[in-house]
Amino acid sequence: MVSAVTDAHGHGKDRGQDHGHDHHGPAKGWRRWLYATNHKDIGTMYLVFSGLMFFIGGTMALVIRSELFTPGLQFVAPNVFNQMTTMHALIMVFGAVMPAFVGLANWMIPMMIGAPDMALPRMNNWSFWILPAAFSILMSTLFMPGGAPAGGWTMYPPLVLQTGDAFPFLIFSVHLMGLSSIMGAINVIVTIINMRTPEMSLLKMPMFVWTWLITAYLLIAVMPVLAGAVTMLLTDQFFGTSFFLAAGGGDPVMFQHIFWFFGHPEVYIMILPAFGVVSEIIPTFARKPLFGHDSMVYAASSIAFLSFIVWAHHMFTVGMPLTGQLFFMFATMLIAVPTGVKVFNWTATMWKGAMTFETPMLFSLAFLFLFTIGGFSGLMLAVVSSDIQYHDSYFVVAHFHYVLVPGSIFGIMAAVYYWLPKWTGHMYNEKLGQVHFWLSTIFVNVTFFPMHFLGLAGMPRRIPDYSTQFTDFNSIASIGAIGFGISQLLFVYIVVQCVRKRGSRASDTVWENPKGLEWTVPSPAPYHTFTQPPHVGAGAAFS
Amino acid sequence: MIRRTCLGAAGLLAAASASADWAINMPRGVTELSAETHDLHMQVFYWCCAIAVVVFGAMIWSLIRHRKSRGVEPAKFSHSMTAEVIWTVIPIIILLLMAVPAAETLIKLEDSRKPDLTVIVTGYQWKWHYAYQGEDVAFYSTLARASADARRKNSGIDPFTVDNYLLDVDRPLVVPKGAKVRILLTSNDVLHAWWVPDLAIKKDAIPGFFNETFFRAIETGVFRGQCAELCGMDHGYMPIVVEVVEPEAFVAWLASEKDAAAKLASAN
Ligand code: HEM
Ligand SMILES: [Cu+2]
Ligand SMILES: [Cu+2]
């Protein structure tokens, strides 16, 4: 397959990695990006797009936190506040976290499995370029009569049906995001299944590839479910159906069941690739192989399977039969077992290693500690009678921000620091990287830890103003949020400096003896890598 | 500006001195089940702390001891069946130990049989309506005037000067101490949720459906909560106040309410 493609280009005999492929170099100017089919270019576009969304979503978060700095309403009207919470979540989930992981997949999966590119490069172009369209549509709603969607990212009817002109645009943009994700996922699956270098059996694949493979299946399974749910909203609004309207014989709660059947796997879609990243980084900096590679694969697979049968833990207050509640409580508690296995295996990887603490490792370690805290609050939330108290309070906000910010987002940052020298051929500024790490880690805790207390003390989520006894922790959280936001400008600076080749030259392996095929190609990685399948030699021992 | 800051500072002090208002944990509440829920919450929390000590302890130990700067040689091992079985089985056992009391409390929480009193609670954008079943007493409960004035954007009124800012209503729900009060919940428009932390109940109000929950308060007092399901613009401004009174006081209150209702009816 691979060689057939190369043959068509008339290089039948001479297919070395480093011969002059001038006519294969990047196109000039905007054509390179608009018509991009190269996995590295598309990966870069995904990552840049994700970074842009991260800052737009982050700005919205700062509007929210500024309003909540003290009691009383200072900056925005309540409906604008609700638009900010809704848009913040949609942009962060679908615009920042998911595209960042697709970008990493594009860059790294072919290089980790010894493939020349993604299997479906033209679809790859589409799945990226749909995203700017989707988010332009979504963000244009901010300027429409009635404002942007304000019913929460969960889009529960009947409230979401009160959205103004923005409503059909919301639905359409969600459809587009889903389309993009599904195409990205198909591409990942086809690439991994068909394009691995022949010597790489499935169980020899690096952890990042494995977790992405599982993630891609989750995406294919649940994005259509989300599309179905929002389509039913659309027909309820415009075409006289009553799927979710009691007056016509429908049931508003059915939407929640469908949404969370998508929603819970979705949260694992956002964390599994981060598991993969951390599983690559910790062995490198502990100078010791990943502990329990195969059991990590089984754990990730069980997590993926279980994620389909726990959805109603988001709905313990809707009024379900007792047996249903018991089932979802036990199933949710069960997820803690494979999640625990992962944490223990990472710890065992560090154990008796010879660790150093470069920025990617620091972010991975913070991931390890802080994601685990999010896991603990998850376990607490699984207990139905306690969840009756926690649900829709700031305790839940604390939980999911612990798993998503120092979880998914730290995973992404760790990955960027880890592979950036491979992408650019230059080292980032290590000192600044560590400053960025410490600022991020301190502020993330200042922001989100007090939210546990707020929730337990009775503060509901999604409110623009609060009673005076909640003041202190809210002020602390707001200060943390502003600090976290500003610290991320440093991240941009570090990355830009590295891209502008301001650091020292990176060697091909970049780090001290890292494992994996991506380290066998030059730094910066040439535009085309692995035009012929490599050997999975000593450089890539995973067992 | 200076005046506002001073007011704010004074308010902060006042809030801090009324330390009962300042909480970082789930309240024990005033029903048997709220106390049980609190204990369950603490129990699971302590389990998490214990696990954290072991796991974080191992990580920190490793971070201190197994660093290259100490000149150690990395070990080569990459799996151990024994270790993996241990850290699969032990969590399962801990989870079972948690699951049993969790299930017990949940079963009690669902037993809403034989209520002494039933109140039909209806959510509206953005207020609550309470109707005492079979008693001809019904009324709306909306945000108290002082809060409603202060909550307007840049109202110039300092929230710290308002009693129970955003947690006060014009007419609270009055219920007798010791009675099992059943709440039948529904909504007139979108979803809402009725949450009073001290009673440990939170249930969604769903248009077209009735949801059921209950509480039995064992202390008198005033207990405050808020709508907990996003219901639109003024979701943050539809608090819940439950006044638990002695049974005799409740009977008297109910009689006077009926009287007032009858007078109003004859006047029309
Ligand atoms: C040990 C594993 C976990 C357990 C047991 C768990 C459990 C729960 C439960 C029971 C809730 C519902 C709380 C409520 O609304 O009352 C919840 C909410 C949530 N969880 Fe987790 N969780 C776990 C891990 C994760 C991970 C890994 C992520 C994502 C990276 C995540 C993201 C979320 C989000 C986003 C919500 C809130 C959704 C919303 O209402 O807007 N959780 N979790
Ligand atoms: Cu979930
Ligand atoms: Cu509400």
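Sequence lines set the chain letters: A, B, ... in the order given, protein chains first and strands last, and positions in each chain run from 1. Nothing here was measured: the structure is a model prediction, and the numbers come from that model.
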Test: B/Lys68 cationic atom under 6.0 Å from A/Phe357 six-membered ring centre, within 45° of axis:
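Verdict for A/Phe357: no cation-pi partner in B/Lys68.
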Let me know if [X] has heavy atoms under 4.5 Å from chain A in its side chain, its backbone, both or neither.
{"X": "B/Ala150", "answer": "neither"}
{"X": "B/Asn211", "answer": "side chain"}
{"X": "B/Phe209", "answer": "side chain"}
{"X": "B/Glu73", "answer": "backbone"}
{"X": "B/Leu109", "answer": "side chain"}
{"X": "B/Asp168", "answer": "neither"}
{"X": "B/Met81", "answer": "neither"}
{"X": "B/Ile51", "answer": "both"}
{"X": "B/Cys49", "answer": "neither"}
{"X": "B/Ala200", "answer": "both"}

Classify the ring geometry between [X] and [Y] as parallel (under 30°), tilted (30 to 60°) or perpendicular (over 60°).
{"X": "A/Phe453", "Y": "A/Phe473", "value": "tilted"}
{"X": "A/Phe371", "Y": "A/Phe367", "value": "parallel"}
{"X": "A/Phe369", "Y": "B/Phe56", "value": "tilted"}
{"X": "B/Trp87", "Y": "A/Phe344", "value": "tilted"}
{"X": "A/Trp351", "Y": "B/Trp61", "value": "parallel"}

Which of the residues [options] is involved in the greatest number of heavy-atom pairs with chain A at under 4.5 angstrom?
{"options": "B/Ser187, B/Pro27, B/Pro91, B/Pro197", "result": "B/Pro197"}
{"options": "B/Gly208, B/Gly225, B/Ala228, B/Gly236", "result": "B/Ala228"}
{"options": "B/Leu40, B/Ile90, B/Leu106, B/Val72", "result": "B/Leu106"}
{"options": "B/Leu185, B/Leu33, B/Leu95", "result": "B/Leu95"}
{"options": "B/Lys153, B/Lys76, B/Lys108, B/Arg67", "result": "B/Lys153"}

Structural part of [X] lying under 4.5 Å from a heavy atom of chain B:
{"X": "A/Asn82", "answer": "side chain"}
{"X": "A/Leu365", "answer": "side chain"}
{"X": "A/Met329", "answer": "side chain"}
{"X": "A/Pro157", "answer": "backbone"}
{"X": "A/Gln389", "answer": "both"}
{"X": "A/Glu512", "answer": "side chain"}
{"X": "A/Val253", "answer": "side chain"}
{"X": "A/Ala382", "answer": "neither"}
{"X": "A/Tyr466", "answer": "backbone"}

Residue pairs, two or more places apart or on separate chains, that pass salt bridge (Lys or Arg N to Asp or Glu O under 4.0 Å) and touch residues 79-92 of chain B:
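Every pair satisfying salt bridge (Lys or Arg N to Asp or Glu O under 4.0 Å) with a residue in residues 79-92 of chain B: there are none.
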Looking at B/Cys231, is its backbone amide N or carbonyl O close enough to the side chain of B/Gln125 to form a donor-acceptor pair, meaning the two atoms are under 3.5 Å apart?
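Yes: the side chain of B/Gln125 pairs with the backbone of B/Cys231.
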Heavy-atom donor-acceptor pair, B/Tyr237 side chain to B/Trp126 backbone, under 3.5 Å
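No.
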Hey, is B/Arg224 close enough to B/Asp198 for a salt bridge, meaning N to O under 4.0 Å?
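Looking at B/Arg224 and B/Asp198, the cut-off is not met.
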Is the number of heavy atoms from other residues, nucleotides or ligands within 6.0 Å of CD (B/Glu212) greater than 12?
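Enclosed.
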For the candidates A/Pro283, A/Gly458, A/Gly151, which exhibits the highest count of non-hydrogen atom pairs separated by less than 4.5 Å from chain B?
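Looking at each of A/Pro283, A/Gly458, A/Gly151 in turn, A/Gly458 comes out on top.
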